[in-house]
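Working notes for the structure below.
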2 protein chains.
Amino acid sequence: MHTQFASTATERAVPRGFFASLANESENLGALALPGAVSKKPPGETLFREGDAADGVYEVISGMLRICKLLPDGRRQITGFVPAERLIGISLGGAYSYTAEAITEVMVRFYRRSALDRLMLERPQLTRHLLGAAAQELHMAHELMLMLGCKDALEKVASFLLLMADQQGGEVDAAEIHLPMDRHDIADYVGLTVETVSRTFTRLKRSKVIALRTANCVEIHDWDRLDEMASR
Amino acid sequence: MHTQFASTATERAVPRGFFASLANESENLGALALPGAVSKKPPGETLFREGDAADGVYEVISGMLRICKLLPDGRRQITGFVPAERLIGISLGGAYSYTAEAITEVMVRFYRRSALDRLMLERPQLTRHLLGAAAQELHMAHELMLMLGCKDALEKVASFLLLMADQQGGEVDAAEIHLPMDRHDIADYVGLTVETVSRTFTRLKRSKVIALRTANCVEIHDWDRLDEMASR
DNA sequence: CGTAATCTTGATCTGATTCAAATGTCGTGG
DNA sequence: CCACGACATTTGAATCAGATCAAGATTACG
């Protein structure tokens, strides 16, 4: 009943060379070269909430997560979108400091805290790897802070699009970006309202810098101008 | 000529049990229980700039640093204020991703990257320690992103004051907070203009929640109300 | 198809910025 | 010791970017 077998999951996102030997609901070696339980989360599901006991680290295999912080009255800041191959939940300290939710259907591999703690002593390289992941997360956080604190609506949306572009367009500047998240998520990421995000998309369309195939599929026509607009 | 001997430095901030045996310009064991070169930086001096080769990690012994990100046109986001006992410059990746500058006169201990890399293999605990520092930094970054993206001017300034309070008031709620940074720094931290920050201080004064001894010394009179105002 | 979301557009309002000036603070030299 | 000047902070008035409120338009889905 609960365990469903993947067939749609593999099409969603582009996991790079990870799927070679995936036996879905069993144990497997991931980026950490460690055994970890693989599971599938439907869109909207919460992996963990801010404040929950931080009992492990997740690696995203496919799909995309959003990382959120909430104020008591419900206002939300999305502090990151997590694509395949990234780790989240590194916390050192008893509790997660943010919430993680699936945007698309997501495959994740879970590494138990207890196992990691034990293994970190034996394999220094593992700790190094985690430190690297944390440093990367920190770098992205700094970029986002710069955006939230300094940039105006146009700059924010342009920056967001460029981020999404190089997050998925490891290939060519294929010029066609898929946005798995809805406008509300985008708004809460860049610190604007849905309406302003929408208006800004329209502005970019009118100036021929982008085109919208659908609401979730952006064609970038003028990379240079988009780059200027982002003020990086 | 260049090497000055401390006498004013020790009064500045409150290093907790760190100064027991400090022979200023020589090598010493710090929080990492490692040898590292100690040096003194005058207010305003840059430790390193975003983009510089990241050749090591600094530990603040006394005083306070600011961490900045800049846009090409000069707009600035301060992503953190670094008090004594904290590490900065963990970067894994060849370059620092932010700039670090002294706000007050600062004593720092420097750990060379090469030395750390070597030692991390021998002493797993060291890597763990660095991971812990990174995790803490990340936690603070998340709080700041929430503030920048969601909060209004009053909430931002209230949050800022509470942060400063528990950053230094390890003791009692002594109610007297010293702000080593100027209004411009505060503004660039909370994502407002100097004028708005000043107006907000005035607002807090008028409502008797705080009082200003001087521009850099805040007395907190009503912790509960300040806490509500911060919307945490 | 029709109904409910999501997304877009429009009109108005408001909190924060901008520009400008006054006040306050501190160090320096007369 | 006090006057002066440089700089930081505060205050005021006008403006504006983005939020809010309110409909439409589009899309997804049963």
Side-chain angles (χ1 to χ4, degrees), chain A residues 8 42-44 66 71 73-77 103-105 147-161 178-207 210-218 229 231, chain B residues 8 42-44 66 71 73-78 103-104 147-161 178-207 210-218 229 231:
Chain A
T8 58
R66 64 173 168 249
L71 289 176
D73 67 358
R75 278 173 289 174
R76 182 179 68 157
Q77 177 63 39
I103 289 178
T104 63
E105 183 174 276
M147 182 178 96
L148 290 170
C150 296
K151 294 184 178 180
D152 66 21
L154 184 62
E155 293 171 318
K156 283 173 170 182
V157 173
S159 303
F160 167 75
L161 286 175
H178 182 247
L179 305 176
M181 68 294 290
D182 65 19
R183 293 288 185 274
H184 200 277
D185 286 340
I186 298 176
D188 286 351
Y189 179 71
V190 300
L192 297 169
T193 57
V194 199
E195 293 94 327
T196 303
V197 169
S198 182
R199 277 185 248 275
T200 308
F201 270 105
T202 306
R203 215 134 72 84
L204 289 168
K205 271 192 311 193
R206 271 204 289 269
S207 61
I210 67 166
L212 293 186
R213 282 199 157 288
T214 77
N216 307 306
C217 184
V218 183
M229 285 172 162
S231 305
Chain B
T8 58
R66 63 174 168 249
L71 289 176
D73 67 358
R75 278 174 288 175
R76 180 179 72 156
Q77 177 62 40
I78 293 183
I103 289 178
T104 63
M147 183 179 96
L148 290 171
C150 295
K151 294 185 179 180
D152 66 22
L154 184 62
E155 293 170 319
K156 283 174 169 181
V157 173
S159 303
F160 167 75
L161 286 175
H178 182 247
L179 306 175
M181 69 293 290
D182 66 18
R183 293 288 185 272
H184 200 277
D185 286 341
I186 298 176
D188 287 352
Y189 179 71
V190 301
L192 297 169
T193 57
V194 200
E195 293 95 327
T196 303
V197 169
S198 180
R199 278 185 246 276
T200 308
F201 271 104
T202 307
R203 216 135 72 84
L204 288 168
K205 271 192 309 191
R206 271 204 289 269
S207 61
I210 66 167
L212 294 186
R213 282 198 157 289
T214 78
N216 308 306
C217 185
V218 184
M229 285 172 161
S231 303

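Lettering follows sequence order; numbering is per chain, from 1.
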Can you list every pair that meets salt bridge (Lys or Arg N to Asp or Glu O under 4.0 Å) and has a residue in residues 149-158 of chain B, with sequence neighbours left out? A:Arg75-B:Glu155
In chain order, what residues pass the side chain to side chain donor-acceptor pair (under 3.5 Å) check against B:Arg203, with sequence neighbours excluded? none
When you measure from every atom of DNA chain C, which of residues 148-157 of chain A have a heavy atom less than 4.0 Å away? none
Can you list the residues that meet the salt bridge (charged side-chain N to carboxylate O under 4.0 Å, His left out) rule with B:Arg183, with sequence neighbours excluded? none
Flag the pair B:Asp188 / B:Arg66 as yes when at least one side-chain heavy-atom distance between them is below 4.5 Å, and no otherwise. no
Mind checking the OG1-CE spacing from B:Thr104 to B:Met181? Nearest 0.5 Å is all I need. 9.5 Å
Specify the separation, in whole Å, of atom CG of A:Leu204 and atom P of C:dT9. 12 Å
With rounding to the nearest 0.5 angstrom, report the SG to CG distance, B:Cys217 to B:Leu179. 8.0 Å
Determine whether B:Ile186 and B:Leu192 make a side-chain contact, defined as any pair of heavy atoms from C-beta on separated by less than 4.5 Å. no
Are any of A:Thr202's side-chain N or O atoms less than 4.0 Å away from OP1 or OP2 of C:dT8? no
Are B:Ile210 and B:Lys205 close enough that some pair of their side-chain heavy atoms sits under 4.5 Å apart? yes
Polar atom pairs between nucleotides 10-14 of chain C and protein, under 3.5 Å, N or O only, would you list them?
residue: C:dG10; atom: N7; partner: A:Arg199; partner atom: NH1; Å: 2.9
residue: C:dG10; atom: O6; partner: A:Arg199; partner atom: NH2; Å: 3.2

To the nearest 0.5 Å, tell me how far A:Asp182 CG sits from A:Ile103 CD1. 8.0 Å
Polar atoms only, N or O, under 3.5 Å: list the protein pairs with nucleotides 4-7 of chain C and their distances.
residue: C:dC7; atom: OP2; partner: A:Arg183; partner atom: N; Å: 3.3

About how many Å separate CG of B:Leu154 and CE of B:Met229, when rounded to the nearest 0.5 Å? 5.0 Å
Among residues at least two apart in sequence or on other chains, which ones pass side chain to side chain donor-acceptor pair (under 3.5 Å) with A:Arg199? none
Sequence neighbours excluded, the answer for side chain to side chain donor-acceptor pair (under 3.5 Å) partners of B:His178 is none
Side chain to side chain donor-acceptor pair (under 3.5 Å) against A:Thr193, all qualifying residues, sequence neighbours excluded: A:Thr196
Side chains of B:Phe201 and B:Leu161: does their closest heavy-atom pair fall under 4.5 Å? yes
Mind grabbing the angle between the end helix axes of the helix from C:dT8-D:dA23 to C:dG30-D:dC1? Five pairs an end, 10° rounding. 40°
Between which nucleotides of DNA chain D, read 5' to 3', does contact with chain B run, using atoms under 4.0 Å from its heavy atoms? D:dT9 to D:dA13
Knowing that exactly one of B:Thr200, B:Val197, B:Ile78 qualifies, which makes a side-chain contact (heavy atoms from CB on, under 4.5 Å) with B:Val190? B:Val197
